[in-house]
2 protein chains.
Amino acid sequence: MALDEIDKKILRLLQQDAHYTLKDIANKINLSLTPVHDRVKRLEKDGIIEKYVTLLDKKKLGNNLTVYCQVTLTKQTYDTSEGFNQAILEMPEVVECNYVSGNFDYMLKIIIPDMESYHHFHQKKLSVLPEVSLINTVFVISEVKSTTVLPI
Amino acid sequence: MALDEIDKKILRLLQQDAHYTLKDIANKINLSLTPVHDRVKRLEKDGIIEKYVTLLDKKKLGNNLTVYCQVTLTKQTYDTSEGFNQAILEMPEVVECNYVSGNFDYMLKIIIPDMESYHHFHQKKLSVLPEVSLINTVFVISEVKSTTVLPI
DNA sequence: ATTTTAAACAGAATAATTTTCTGTAAAAAT
DNA sequence: ATTTTTACAGAAAATTATTCTGTTTAAAAT
C-alpha cells in the first residue's frame with residue numbers, strides 16, 4: 001500500500017479535478033493509459049481514493065452564513081456522546097463535527113442561509129438536544145481558505 | 001439562475017458522486033440524456049457547480065492529527081490581515097481559514113501527520129509570522145462528521 | 001386570437017473516454 | 001536458470017459524453 005512518486009502525481013491531479021481523463025493524466029505524467037488506469041483502480045480499491053464529489057457554490061445556493069459552534073455536553077459519558085453524535089449526523093446544515101480537547105467538547109461547522117436560520121437552528125435544533133449544556137457561537141466574517149486538497 | 005426541482009435533484013446526486021454518468025442521473029430522475037446534459041452544463045457555466053474533486057483518506061496518507069488553531073493577530077489592520085491571509089494560502093496543511101468574530105481573529109483547521117509535525121508547524125511556521133500574536137490550539141480527538149454535501 | 005419565438009425534451013449519430021485484451025520487458029522469486 | 005510477477009504499451013471493445021435533428025409545449029409577440 002506504499003505510494004510511489006507516480007501514484008502521488010496521480011493523486012495530486014485527481015484531488016484538483018476529478019474530471020481529468022485518464023488521457024489527461026497519462027499525458028501530464030508521461031505514461032500510457034494502462035498504468036494510469038490500473039493505478040487509479042488500485043488506489044480506489046485500497047481506499048486511498050475515498051470518493052469523487054461535486055463542490056457547489058454555497059452562496060449561490062443561498063447559504064450566506066457560516067458559523068462554528070463550540071458545544072459542551074451535559075455529561076462526559078459514552079451514552080451522552082453517542083446520543084449527540086447521532087443527532088448531529090441527521091442535521092444537514094452541520095457539515096463538520098469533531099470531538100475535541102479543551103474548554104468545550106465539540107467543534108461544529110454550520111453552513112446556513114442567514115442569521116434568522118441560525119437563530120432557528122440554535123434554539124430549535126441544537127440547544128434543545130438533551131445532551132447539550134452550552135453553546136458558544138463563533139461567526140465567520142470572511143472566508144480566507146477552504147480546500148479539500150491534502151498535502152501529498 | 002433560479003433552480004427548479006430537477007436541477008436540485010441533479011445537484012443532490014452529483015454532490016454525492018461526481019462519477020455518476022449522465023445515464024445514471026437520467027435514469028434516477030426519469031429524463032433523457034439531453035436535458036440532463038444541458039442542465040449540468042448550465043449549472044457549470046453559472047458557477048453553481050464549482051468543481052469536481054477527489055477526496056482522499058487522510059489517515060491512509062499518514063495524516064493522523066487534525067487541529068483547530070484560534071489565532072489572534074498583533075494588530076487588527078487591513079495590512080496585517082492581508083499579510084496573514086497570504087501566508088496561510090501558502091501552507092498546504094491549513095485546509096480551512098476563516099476570519100471570525102469573538103475572542104480571537106481567525107479559526108484555522110490543520111491536517112497534519114502527528115504531534116511532532118504540529119509542534120514544528122506551530123513553532124516554525126505559524127507563531128513566527130509577524131502578524132500572529134496568540135495561538136490557541138484545539139485538538140480533534142475524534143471525527144464525528146465531515147461532509148462536502150450542502151443541503152439543497 | 002393567431003402567429004412567432006423560445007425553452008425543454010426525446011432519439012439518433014458521432015466523438016471521446018473508459019475498460020478490457022494481448023503482448024513485452026524488466027525485476028523478483030524459486 | 002527458470003518461473004513468476006509487476007509495470008507498462010498498444011489495440012480493440014464497450015461505455016459515455018457530445019452534437020445534431022426534430023417534436024412538443026408554453027410563453028411572448030404581434
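By convention in this document, chain letters (A, B, ...) are assigned in the order of the sequence lines, proteins followed by strands, and residues within each chain are numbered from 1. Everything numeric here is computed off the predicted structure, so don't read it as measured data.
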N/O contacts under 3.5 Å, protein versus nucleotides 16-25 of chain D?
from	atom 1	to	atom 2	distance (Å)
D:dA17	OP2	B:L22	N	2.9
D:dT18	OP2	B:H37	NE2	3.4

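- Taken from CD1 in A:I10 to CG in A:L43, the straight-line distance is 6.5 Å, to the nearest 0.5 Å.
- Distance check, rounded to the nearest 0.5 Å: SG of B:C69 to CG of B:L134 gives 11.5 Å.
- Residue A:R39 has a polar side-chain atom (N or O) positioned under 4.0 Å from OP1 or OP2 of D:dC8.
- Helix bend of the helix from C:dA1-D:dT30 to C:dT30-D:dA1: the angle between its two end axes, each built from five pairs, comes to 30° after rounding to 10°.
- One finds the CG atom of A:L108 at 4.5 Å from the CD1 atom of A:I110 (value rounded to the nearest 0.5 Å).
- Whole-Å rounding puts the A:I6 CD1 to D:dA7 P distance at 9 Å.
- When the P atom of D:dT6 is taken as reference, atom CZ of A:R42 falls 11 Å away, rounded to whole Å.
- By the ring pair (Phe, Tyr, Trp, His ring centres under 6.0 Å) test, B:H122 is found to be paired with B:Y118, residues two or more places apart in sequence or in another chain being considered.
- Between B:Y52 and A:H19, the ring planes are parallel. Angles under 30° get that label, and only those over 60° would be called perpendicular.
- In this structure, the side chains of B:L65 and B:M115 come closer than 4.5 Å at one or more pairs of heavy atoms.
- To the nearest 0.5 Å, atom CG of residue A:D105 and atom CG of residue A:L73 are 4.5 Å apart.
- Between the CD1 atom of B:I25 and the P atom of D:dT15 there is a distance of 19 Å, given to the nearest Å.
- Look at CG on B:D4: it is 14 Å from P on C:dA7, rounded to the nearest Å.
- Residue B:D24 places its CG atom among more than 12 non-hydrogen atoms of other residues, nucleotides or ligands, all under 6.0 Å distant.
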